[in-house]
Number of protein chains: 2
Amino acid sequence: MDLKEAREQFIQAWGTFGSAWGINRTMAQVHALLLISHEPLCTEDVMEQLNVSRGNANMNLRALIDWSLVRRAMKVGERKEFFEAEKDVWKVATHITRERKKRELEPLVRLLDQLEDVPGATPEAKSFRKMTHDLHDLTTRLDTLLDHSTRRDVQWFVKAASTLLK
Amino acid sequence: MDLKEAREQFIQAWGTFGSAWGINRTMAQVHALLLISHEPLCTEDVMEQLNVSRGNANMNLRALIDWSLVRRAMKVGERKEFFEAEKDVWKVATHITRERKKRELEPLVRLLDQLEDVPGATPEAKSFRKMTHDLHDLTTRLDTLLDHSTRRDVQWFVKAASTLLK
DNA sequence: CGAAAGTTCCAATTATAAATGAAAGTAAGT
DNA sequence: ACTTACTTTCATTTATAATTGGAACTTTCG
């Protein structure tokens with residue numbers, strides 16, 4: 001397999017992987033493209049290489065910056081903006097984890113916290129409280145786990161745990 | 001907040017949470033409904049309580065069974081099928097983790113394994129190999145971690161780790 | 001200031017994913 | 001073997017999410 005084809009496959013796969021996890025396919029593809037580029041790209045590069053419109057490229061680049069996965073980079077003698085991805089995969093993992101924890105896990109934990117004290121003595125009410133309580137416990141633990149592992153750096157955590165468990 | 005409203009909120013939230021993570025909203029809602037029901041429900045119950053069609057209800061119930069999150073349950077003297085959810089939230093987490101690992105993580109690891117040896121000495125090629133190699137390392141470790149934690153039971157793992165890190 | 005280069009926004013369109021419901025399929029009871 | 005109760009399938013429709021492209025906005029520099 002030559003480089004061109006391999007790059008294509010990687011971009012495609014990262015896009016598919018992302019969209020299976022609720023990440024906009026194009027956002028994931030732009031991310032993939034920047035990850036494997038050895039120098040910063042501008043909006044037009046992204047548009048050309050992925051065949052997407054300016055608006056789309058721009059929107060997803062901004063989103064990636066928002067996620068701390070990409071940063072603006074200026075080139076000397078150039079006026080326009082360039083973009084480069086964070087290349088440290090452990091940092092990438094940390095940023096993604098933090099962001100998703102904040103956007104999706106934390107709101108769920110907050111809701112479960114409220115729901116577990118709904119009144120009632122019927123089997124339905126008991127069953128409901130049991131489940132929300134258990135889920136609250138699980139999600140809180142997961143939240144704590146992710147919180148600490150992303151503070152200390154996932155690298156430390158995953159390496160330690162995966163070695164330990166081998 | 002009364003039970004009816006709380007149930008509604010929970011089903012809604014679980015659906016939203018699921019769809020943010022690439023799970024069909026209705027599938028997540030059916031799961032939520034079964035999680036908080038104190039007794040098995042039949043297809044019609046699901047149809048009524050969630051306002052979905054027979055086909056939809058059936059399709060998502062089957063998918064949930066496929067994920068080992070729901071099982072068929074017969075009621076004495078009843079001919080039709082009933083469904084009940086796995087109520088142990090740690091088992092639920094284990095099943096979801098295993099399933100997603102199998103469906104999405106493993107294929108990615110396999111691809112990265114192939115991609116990290118594309119030929120070429122250009123900066124582009126080197127950059128590509130470095131990234132695929134690093135990602136391969138990360139995803140493999142994550143895979144190992146999830147594998148072991150779901151074998152021993154996530155309960156053990158998350159409890160131990162989240163306590164340890166507190 | 002005014003033109004040029006670049007960036008962002010957003011209403012309208014298009015693509016993708018999910019839901020419907022009627023029809024076909026299965027199986028249990030008589 | 002036939003009827004009835006129930007389940008599954010799938011072509012079509014509908015809802016949701018993503019994309020486009022032009023207009024508006026901002027910045028840079030002679």
Side-chain angles (χ1 to χ4, degrees), chain A residues 11-34 40-67 70-84 100 103-104, chain B residues 11-34 40-67 70-84 100 103-104:
Chain A
I11 291 170
Q12 214 49 48
W14 200 242
T16 305
F17 187 72
S19 70
W21 289 87
I23 303 287
N24 174 329
R25 177 187 269 95
T26 304
M27 175 170 158
Q29 289 181 338
V30 174
H31 185 217
L33 175 62
L34 290 171
L41 303 184
C42 67
T43 305
E44 301 234 335
D45 295 330
V46 172
M47 288 167 63
E48 279 172 26
Q49 299 205 40
L50 300 179
N51 282 299
V52 296
S53 69
R54 185 172 298 283
N56 197 7
N58 180 256
M59 172 186 292
N60 286 299
L61 283 166
R62 275 185 307 121
L64 286 164
I65 290 171
D66 206 49
W67 282 60
V70 165
R71 52 181 162 264
R72 295 170 199 279
M74 291 302 171
K75 280 192 186 178
V76 288
E78 288 269 15
R79 188 165 143 189
K80 67 185 167 192
E81 289 188 320
F82 286 78
F83 302 89
E84 67 180 349
R100 303 212 72 171
R103 293 171 194 232
E104 294 124 19
Chain B
I11 291 170
Q12 213 51 47
W14 200 242
T16 305
F17 187 72
S19 70
W21 289 87
I23 303 286
N24 174 329
R25 177 186 271 94
T26 305
M27 175 169 157
Q29 289 181 338
V30 174
H31 186 216
L33 174 62
L34 291 171
L41 304 184
C42 68
T43 305
E44 301 235 334
D45 295 329
V46 172
M47 289 168 63
E48 278 172 27
Q49 299 205 40
L50 301 178
N51 280 300
V52 296
S53 69
R54 184 173 298 283
N56 197 9
N58 178 66
M59 172 186 292
N60 286 298
L61 283 166
R62 274 186 307 122
L64 286 164
I65 290 171
D66 205 48
W67 283 61
V70 165
R71 53 183 162 263
R72 295 170 198 278
M74 291 301 171
K75 279 193 186 178
V76 288
E78 289 270 14
R79 187 165 144 189
K80 67 186 166 191
E81 288 186 320
F82 287 79
F83 303 90
E84 67 181 346
R100 302 212 72 168
R103 291 171 195 231
E104 294 125 19

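We use all heavy atoms of the structure for the numbers below, so side chains are in, but hydrogens, waters and symmetry mates are not. Quick note on labels: first sequence line is chain A, next is B, and so on, each numbered from 1.
- Taking every heavy atom of residues 21-28 of chain A and every atom of DNA chain D, pairs under 4.0 Å involve A:Asn24, A:Thr26, by number.
- Atom CG in A:Leu50 sits roughly 15 Å away from atom C1' in D:dA18 (whole-Å rounding).
- The nearest pair of heavy atoms linking B:Ile11 to B:Ala32 is CA-CB, 3.9 Å.
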Under the criterion salt bridge (Lys or Arg N to Asp or Glu O under 4.0 Å), I'd like the reasoning laid out for A:Asp45 against A:Lys75: C-alpha separation, chi angles, the key distance, then a yes or no. CA-CA 14 Å; A:Asp45 295 330; A:Lys75 280 192 186 178; over 6 Å; no
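- If you take CD of B:Gln29 and P of D:dT16, they are 11 Å apart, rounded to a whole angstrom.
- In this view, A:Glu81 and A:Arg72 satisfy the salt bridge (Lys or Arg N to Asp or Glu O under 4.0 Å) rule, not counting sequence neighbours.
- Taking the centre and axis of the six-membered ring of B:Trp21, the NZ or CZ atom of A:Arg100 falls inside the cone set by 45° and 6.0 Å.
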Write out a two-atom table: protein N or O, nucleotide N or O from nucleotides 6-8 of chain D, distance below 3.5 Å.
{"residue": "D:dT7", "atom": "OP1", "partner": "B:Glu81", "partner atom": "N", "Å": "2.8"}
{"residue": "D:dT8", "atom": "OP2", "partner": "B:Asn58", "partner atom": "OD1", "Å": "2.3"}

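- Remark: B:Arg62 pairs with no residue by the salt bridge (Lys or Arg N to Asp or Glu O under 4.0 Å) rule, at least two apart or across chains.
- Under the side-chain contact (heavy atoms from CB on, under 4.5 Å) criterion, A:Arg79 pairs with no residue, sequence neighbours left out.
- Across B:Leu33 and B:Val46, no two heavy atoms sit closer than the pair CD2-CA, 4.1 Å.
- Between the CE atom of A:Met59 and the P atom of D:dG22 there is a distance of 16 Å, given to the nearest Å.
- Between the side chain of A:Asn58 and the backbone N or O of A:Arg54 there is no donor-acceptor pair closer than 3.5 Å.
- Protein chain B contacts DNA chain C over a range whose 5' and 3' limits, counting nucleotides with an atom under 4.0 angstrom from a non-hydrogen atom, are C:dA18 to C:dA28.
- A salt bridge links A:Asp66 to A:Arg103: at least one charged side-chain nitrogen sits closer than 4.0 Å to a carboxylate oxygen.
- A salt bridge is defined here as a Lys NZ or Arg NE, NH1 or NH2 lying under 4.0 Å from an Asp or Glu carboxylate O, and B:Glu44 with B:Lys80 fails to meet this definition.
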